[in-house]
Amino acid sequence: MNKNIKTKWLEALRSGEYQQAQRNLKRGDSLCCLGVLCDIHAKETNNTWKPHSIGNRSDYSYIGKYGELPNEVIVWAGLNNSEPIVGDTTLIKLNDNLYYSFNQIADEIEKHL
């Protein structure tokens with residue numbers, strides 16, 4: 001992984017600036033751990049989130065993706081795939097199924113990516 005982007009991602013996850021979401025990159029004002037990386041990408045490249053209302057819920061896509069990293073972000077960040085693996089699991093599983101906090105996820109990224 002690109003070291004500069006990794007540093008920005010870790011800082012963002014630990015900043016307390018982001019509320020954590022599950023099952024989507026972005027839901028309302030909340031983001032999953034991969035959504036935080038997409039948000040950094042958006043700020044650096046002037047890309048935008050696209051809103052999609054589902055009932056009374058507002059979900060967003062980023063470069064056409066809802067729950068995984070777009071290829072453009074994968075290449076930019078120097079990752080190997082859309083669901084980065086840390087240890088013996090994926091960041092998506094840590095965020096969505098095991099309910100790791102952003103601080104805990106940052107620790108795993110720091111260790112494994």
Side-chain angles (χ1 to χ4, degrees):
M1 173 168 202
N2 178 295
K3 288 182 182 184
N4 291 331
I5 295 168
K6 179 179 176 177
T7 298
K8 290 177 186 181
W9 193 14
L10 294 173
E11 287 173 0
L13 288 169
R14 291 175 173 146
S15 71
E17 175 184 340
Y18 293 98
Q19 290 185 349
Q20 193 167 359
Q22 279 79 32
R23 313 248 184 289
N24 287 78
L25 292 173
K26 184 174 182 181
R27 176 168 286 161
D29 292 330
S30 301
L31 297 123
C32 77
C33 62
L34 300 180
V36 172
L37 183 60
C38 290
D39 203 52
I40 295 165
H41 181 267
K43 289 173 182 173
E44 292 195 3
T45 62
N46 294 319
N47 277 313
T48 58
W49 292 92
K50 304 287 184 212
H52 299 277
S53 292
I54 301 170
N56 62 351
R57 195 176 78 208
S58 292
D59 291 340
Y60 294 82
S61 65
Y62 187 68
I63 311 176
K65 300 290 185 176
Y66 289 90
E68 63 185 27
L69 292 174
N71 192 54
E72 188 174 322
V73 176
I74 295 167
V75 171
W76 167 81
L79 293 167
N80 294 327
N81 59 51
S82 62
E83 296 184 21
I85 297 170
V86 291
D88 61 353
T89 192
T90 65
L91 289 176
I92 291 173
K93 186 173 181 181
L94 293 180
N95 190 90
D96 293 354
N97 301 103
L98 300 175
Y99 302 105
Y100 274 42
S101 70
F102 278 163
N103 284 326
Q104 292 171 307
I105 291 170
D107 291 344
E108 293 300 314
I109 291 168
E110 196 165 43
K111 246 189 279 186
H112 298 288
L113 291 181

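Atom set for the values below is all heavy atoms of this structure, side chains included, hydrogens, waters and symmetry mates excluded.
- Interatomic distance, CZ of R27 versus CD of Q22, reported as 9.0 Å (0.5 Å rounding).
- Of the inter-residue distances, the one linking D96 atom CG with N24 atom CG reads 8.5 Å to the nearest 0.5 angstrom.
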For residues 105-113, run the donor-acceptor check on the side chains, cut-off 3.5 Å, and write out each pair with its distance to 0.1 Å, sequence neighbours left out.
residue	atom	partner	partner atom	Å
D107	OD1	R14	NH2	2.8
E108	OE1	H112	NE2	3.3
E108	OE2	K111	NZ	3.4
E110	OE1	R14	NH2	2.9
H112	ND1	G87	N	3.4

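- Here the side chains of H41 and V36 are not in contact, with every heavy-atom distance at 4.5 Å or above.
- I5 is not listed as a side-chain neighbour of I40, based on a closest heavy-atom distance of 4.5 Å or more.
- Two different hydrophobic clusters hold I85 and L25 under the rule that ILVMFWY side chains link at heavy-atom gaps under 4.5 Å.
- Considering only heavy atoms from C-beta on, T48 comes within 4.5 Å of K50 through its side chain.
- Within the structure, the side-chain hydrogen bond (donor to acceptor under 3.5 Å, both in side chains) test picks out the following pairs touching residues 4-13 (sequence neighbours left out): K8-E44.
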*Assess whether side chain to side chain donor-acceptor pair (under 3.5 Å) is satisfied between D29 and Q19, documenting all intermediate values.*
CA-CA 7 Å; D29 292 330; Q19 290 185 349; over 6 Å; no
Practice task
Would you please test N47 and E72 for side-chain contact (heavy atoms from CB on, under 4.5 Å) and show each step?
Solution key: CA-CA 11 Å; N47 277 313; E72 188 174 322; 3.2 Å; yes
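- Looking only at side-chain heavy atoms (C-beta outward), L69 and Y62 stay at 4.5 Å or farther from each other.
- Evaluation of the salt bridge (Lys or Arg N to Asp or Glu O under 4.0 Å) rule for D39 yields K43 as partners, not counting sequence neighbours.
- Side-chain heavy atoms closer than 4.5 Å link hydrophobic residues (I, L, V, M, F, W, Y) into clusters, and following such links, possibly through other members, connects W49 to I74.
- A donor-acceptor pair under 3.5 Å is formed between the side chain of N95 and the backbone N or O of A21.
- With contacts defined as side-chain heavy-atom distances shorter than 4.5 Å, the pair Y99/Q20 does not qualify.
- Taking hydrophobic clusters as Ile, Leu, Val, Met, Phe, Trp and Tyr residues chained together by side-chain heavy-atom distances below 4.5 Å, I92 shares a cluster with I63.
- Between T89 and Y100, every side-chain heavy-atom pair lies at or beyond the 4.5 Å cut-off.
- Under the 4.5 Å side-chain heavy-atom criterion for grouping Ile, Leu, Val, Met, Phe, Trp and Tyr, F102 is connected to L98 within one hydrophobic cluster.
- Follow the hydrophobic side-chain contacts under 4.5 Å out from L91 and you reach W76 in the same cluster.
- Taken from CG in L94 to OG in S101, the straight-line distance is 10.5 Å, to the nearest 0.5 Å.
- At distances below 3.5 Å, not a single donor-acceptor pair connects side-chain atoms of D59 with backbone N or O atoms of H52.
- With values rounded to the nearest 0.5 angstrom, C38 atom SG is found 11.0 Å from K26 atom NZ.
- For the pair P84/L34, a side-chain contact is recorded, criterion being any heavy-atom separation below 4.5 Å from C-beta on.
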